[in-house]
**Student:** 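There's a structure below that I have some questions on.
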2 protein chains.
Amino acid sequence: MDAGLHLLADQNLASLGVREVTREAGLSPAAFYRHFPDLAALGVVLVEESLASLHVMIRSVLAEADGAEELIDRAVEVIRQHVREHRPHVRFLARERHGGVRRVREAIDAELGRFAAEVGSALALQPVSQGWSEQDLRMLAELYVDHMVSTASAFLEAQEEVDPARERRIAATARLQLRLISLGRRHWQGS
Amino acid sequence: MDAGLHLLADQNLASLGVREVTREAGLSPAAFYRHFPDLAALGVVLVEESLASLHVMIRSVLAEADGAEELIDRAVEVIRQHVREHRPHVRFLARERHGGVRRVREAIDAELGRFAAEVGSALALQPVSQGWSEQDLRMLAELYVDHMVSTASAFLEAQEEVDPARERRIAATARLQLRLISLGRRHWQGS
DNA sequence: AAGTTCGGCAAACGACTGTTTACTGAATGG
DNA sequence: CCATTCAGTAAACAGTCGTTTGCCGAACTT
């Protein structure tokens, strides 16, 4: 799996080969089939591995909520750190989310949906969300998740070549956008 | 190019083969090299083709601005229609935006950046944007573009299998999100 | 101690790959 | 009308591919 993830740095799952993976891992081609029936199967497992750390991340953000402004700074910083520390996994997710392998795509989508649900319940606990309908909460959660995904992708690209200025610019933009969203949230009157 | 686009429906550019394309097009493999040096080159041309129609689209949305509410409805509807009518191109963009072929990725990114700039200048003309700094306008434009991309991807997935209910749900969510953003926009005090 | 599962190997199968070469007919242009 | 470009072909090159098969030692179970 490490070998696969490493090769997926500049390639996508659909173009990955069994022989390629086993060669990188220092095994014989036949050895692969002892563990996975397919390369798609390997992909699905990588999805699970990749998103496990994401759930940890979100909890670490929402845990300490000392005011909206600080939470925003913290969220953006956590995303940046997460991308930095799990770049191969994040890149894999970004690449395969709309990639050519249906089963992997569906796995990511399902997991991201559960992720939005989790964010939704967390949002519901905040005082700002009083009087919000179920639908409105879900809509907001999806907006946050989509924004997180976009931001993570941007960080990813910026970190490919080390470019601290670009990275700071992305962080600044993300913070402003989150501030604008939370402003809209405070003035929301229901749908 | 049509053959390539057709094959890219369930495959990504990196895993596409020259022989595959020429076979689909009914030509000999060597004929390909009369037109492109690379498959990546074909990809880049496809990017340009795909985004040309996008610029037309944005203008058609911003042209008639009769109130914010109506503009939102119109924008979401135009996105839905655009995805419906240019599904192969949109799918290609979504897939290759983070795909394995660097040159194509960069082409898409650059084009999307110019797109955001265009949206930015359009936003500047609206009365709501009085007193907005350049940076804030850019940030808002990027938020809109990212949101548009997310929405388009969602429509894409929903239209793969014909699922009108899911499509309506996506449209409704997108509209709510745009309303929330424009609410935040009205209460923005500058950064 | 015996049996079974686990994770590995080498070898072979036919099929498919990108690219180059030399050649050909049609259109184009001066 | 002749030369040239254009867009196509078939054939060959040396590889790589996924997958199956039969085999083997080590580890674990009972």
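Numbered from 1 within each chain, the chains take letters A, B, ... in sequence-line order.
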**Student:** If you take all heavy atoms of N12(A) and G100(B), which pair is closest and at what distance?
**Tutor:** ND2-N, 3.6 Å
**Student:** Just how far, in rounded Å, is P of dC9(C) from OH of Y33(A)?
**Tutor:** 14 Å
**Student:** All N/O contacts under 3.5 Å from nucleotides 22-24 of chain D to the protein, with atom names and distances to one decimal?
**Tutor:**
none

**Student:** Under a 4.0 Å N-O cut-off, is there an ion pair linking R179(A) with E69(A)?
**Tutor:**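 The answer is yes: the pair qualifies as a salt bridge.
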**Student:** Any side-chain N or O of R23(B) under 4.0 Å from OP1/OP2 of dT17(C)?
**Tutor:**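 For R23(B), the contact criterion (side-chain N or O under 4.0 Å from OP1 or OP2 of dT17(C)) is met.
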**Student:** Specify the separation, in whole Å, of atom CD of E20(A) and atom C1' of dG15(D).
**Tutor:** 14 Å
**Student:** Nearest whole angstrom, please: distance from the C1' of dC6(C) to the CZ of F32(A).
**Tutor:** 17 Å
**Student:** Could you tell me the separation between the CZ atom of F36(A) and the P atom of dG7(C), rounded to a whole number of Å?
**Tutor:**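 Those two atoms, CZ and P, are 11 Å apart.
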**Student:** Of the non-hydrogen atoms in R103(A) and A40(A), which two are nearest, and what is the gap between them?
**Tutor:**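 Heavy atoms only, the tightest pair is NH1-CB, 3.8 Å.
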**Student:** Please work out if A31(A) contacts a base, only the sugar-phosphate, or nothing of the nucleic acid, heavy-atom cut-off 4.0 Å.
**Tutor:** sugar-phosphate
**Student:** Could you tell me how far apart L27(A) (CG) and dA10(C) (P) are, to the nearest whole angstrom?
**Tutor:**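 Rounded to whole Å, this separation is 11 Å.
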**Student:** Which pair of non-hydrogen atoms, one from L13(A) and one from E96(A), has the smallest distance, and what is that distance?
**Tutor:** N-OE2, 2.8 Å
**Student:** Can you give me the closest heavy-atom contact between R74(B) and V61(B), atom names plus distance?
**Tutor:**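 Distance-wise, the nearest heavy atoms are NE-O, 4.0 Å.
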**Student:** Measure the distance from CG on L16(A) to P on dC17(D) and round it to the nearest whole Å.
**Tutor:**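 That distance rounds to 10 Å.
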**Student:** Using whole Å, report how far CZ of R19(B) lies from P of dT9(D).
**Tutor:** 13 Å
**Student:** Among H89(A), Q81(A), H82(A), which one satisfies side chain to side chain contact (heavy atoms under 4.5 Å, CB included) with E85(A)?
**Tutor:** Q81(A)
**Student:** What is the distance, to the nearest angstrom, from the CD atom on Q11(A) to the C1' atom on dT16(D)?
**Tutor:** 13 Å
**Student:** Select one nucleotide: of dG18(D), dT9(D), dT19(C), the one nearest the side-chain heavy atoms of S28(B).
**Tutor:** dT9(D)
**Student:** Any salt bridge between E160(B) and R87(B), counting N to O under 4.0 Å?
**Tutor:**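 Looking at E160(B) and R87(B), the cut-off is not met.
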